[in-house]
Amino acid sequence: MTGFDITVYKGSPNGKIVKSITHKDTLGNDEVLLKITHAGLCGTDEHYKTEDMVLGHEGTGVVQQVGSQVTTFKAGDRAGWGYLHDACMHCDECLNGNEIFCPERHMYGLAEKDEGAFGSHAIWKADFLFHIPDAIESASAAPLMCAGATVFNAMHGHGLRPTDRVGIVGIGGLGHLGIQFAAKMGCEVVVFSGTDSKKEEAKSLGASEFYATKGVDKLEIGRPISHLFVTTSVPPQWELYLPVLAPNATVYPLTVSEGDFSIPYMALIQKGLRIQGSICPSRGTHVKMLRFAAFHGIKPITQTFPMSVEGIEEAMSKLAKGQLRYRAVLVADN
């Protein structure tokens, strides 16, 4: 049999990780074959662990082979990918550089379910792969492919300025990266967490101020905040945060949650607040994120696990229990 047999790790109806094989007959003219070296674990992977699909969308690896029309990569290059796999490239969104909103986009969980970052290899279109800068190790690059890209996209794409006072709610997989990005963008970074246990760490990552919120009825923070990034897995106590927002401030709910988004109505209209949805970036912003992270030395705090059924299940268990600090990275046995 010709083609490529790829070892993959899939979800299943009972939530157990299943080792399987994906077969690809050929390598397309515009495609790249990568040997996966590292894969980040994201909260979205938890959402799909009961689906019959290959998990993982924070992948990094080494190029092994390229299609006949690929000129942007060569064997030996390090490359990574994130949530977006393909787009039509001719609709208004694609032509405006917003291919993440293409109506024909291919996204993790919705397309190419037979391969992902949890596996031995992957075959993706070259146009949706990203070169990893030399200054970023592959283990650090993997979480940047979704977590880092998501935070940077919200900050870069919606008018954040170095004169702004920025709030980060939560110090976890997204929050600890948000602190670093906002600080390196020159902002005052005000961090909110339940207790003081992460205060010194937040300051070391670039926080200007830190406030513990557990048991607090009112926040006293001085000047108000113009951008509030919510990175917690559950909605915050809005009655704490809305009073410290400046008029015309923007709130960014960055984590994926089931159910409806709910916020007090009067505070929203009286202050002219905006709720800004934001997901992973289109390719141009993704490249800028990698360059920015490389130049400023931004890197995730990670825990590593083997790329195996046992390693994936352990990492997912720690993620579900809130025991990760702060991103899990699966490492292939090369």
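Each residue takes its place number in the sequence, starting with 1.
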Check the hydrophobic clustering (I, L, V, M, F, W, Y; side-chain heavy atoms under 4.5 Å; chains of links allowed) and say if [X] and [Y] are grouped together.
X      : Y      : value
Met155 : Leu273 : no
Leu160 : Val230 : no
Met307 : Tyr48  : yes
Trp238 : Val191 : no
Val287 : Phe295 : no

Indicate yes or no for a side-chain donor-acceptor contact from [X] to the backbone of [Y] under 3.5 Å, with no hydrogens or angles considered.
X      : Y      : result
His23  : Thr2   : yes
Arg78  : Pro133 : yes
Asp45  : Gly56  : yes
Thr231 : Val169 : yes
Trp124 : Leu34  : no
Ser138 : Thr60  : no
Lys299 : Glu137 : no
Lys10  : Ser20  : no
Lys271 : Leu245 : yes
His176 : Gly172 : yes

Residues pairing under ring pair (Phe, Tyr, Trp, His ring centres under 6.0 Å) where one sits in residues 53-75, two or more places apart or in two chains, turn out to be His57-Tyr83, His57-Tyr108, Phe73-His131
Nearest heavy-atom pair of [X] and [Y]: which atoms, and what distance?
X      : Y      : value
Leu177 : Val151 : C-CG1, 4.5 Å
Ser278 : Asn153 : OG-ND2, 3.5 Å
Ala267 : Leu242 : CB-CD1, 3.5 Å
Ala142 : Ala39  : CB-C, 4.1 Å
Glu188 : Ser208 : CA-OG, 3.6 Å
Leu240 : Lys218 : CD2-N, 3.9 Å

Find the distance between [atom1] ([X]) and [atom2] ([Y]) and round it off to the nearest 0.5 Å.
X      : Y      : atom1 : atom2 : answer
Phe229 : Ile179 : CZ    : CD1   : 12.5 Å
Asn98  : Cys94  : CG    : SG    : 8.5 Å
Met145 : Cys42  : CE    : SG    : 13.5 Å
His286 : Leu144 : NE2   : CG    : 8.0 Å
Ser197 : Ile171 : OG    : CD1   : 7.5 Å
Leu129 : Ile123 : CG    : CD1   : 11.5 Å

Looking at [X], I want to see if its [atom1] is surrounded by more than 12 non-hydrogen atoms of other residues, nucleotides or ligands under 6.0 Å.
X      : atom1 : result
Phe261 : CZ    : yes
Lys184 : NZ    : no
Lys203 : NZ    : yes
Asn96  : CG    : yes
Asn14  : CG    : yes
Arg274 : CZ    : yes

pair [X]-[Y]: side-chain heavy atoms closer than 4.5 Å:
X      : Y      : answer
Leu228 : Val244 : no
Val8   : Asp114 : no
Pro281 : Ile100 : no

Check this for me, if you would: do [X] and [Y] make a salt bridge, where the nitrogen-to-carboxylate-oxygen distance has to be below 4.0 angstrom?
X      : Y      : value
Glu209 : Arg223 : no
Asp196 : Lys199 : no
Glu115 : Lys24  : yes
Arg105 : Glu93  : no

Across all chains, not counting sequence neighbours, the side chain to side chain contact (heavy atoms under 4.5 Å, CB included) partners of Glu200 are none
Grouping ILVMFWY residues whenever side-chain heavy atoms fall under 4.5 Å, the cluster of Leu95 otherwise contains none
Check the orientation of Phe152 and His156. Use parallel for under 30°, tilted for 30 to 60°, and perpendicular for over 60°.
parallel
Original post:
Within 45° of the ring axis of Phe128 and under 6.0 Å from its six-membered ring centre, is that where the NZ or CZ of Arg283 lies?
Top reply: yes
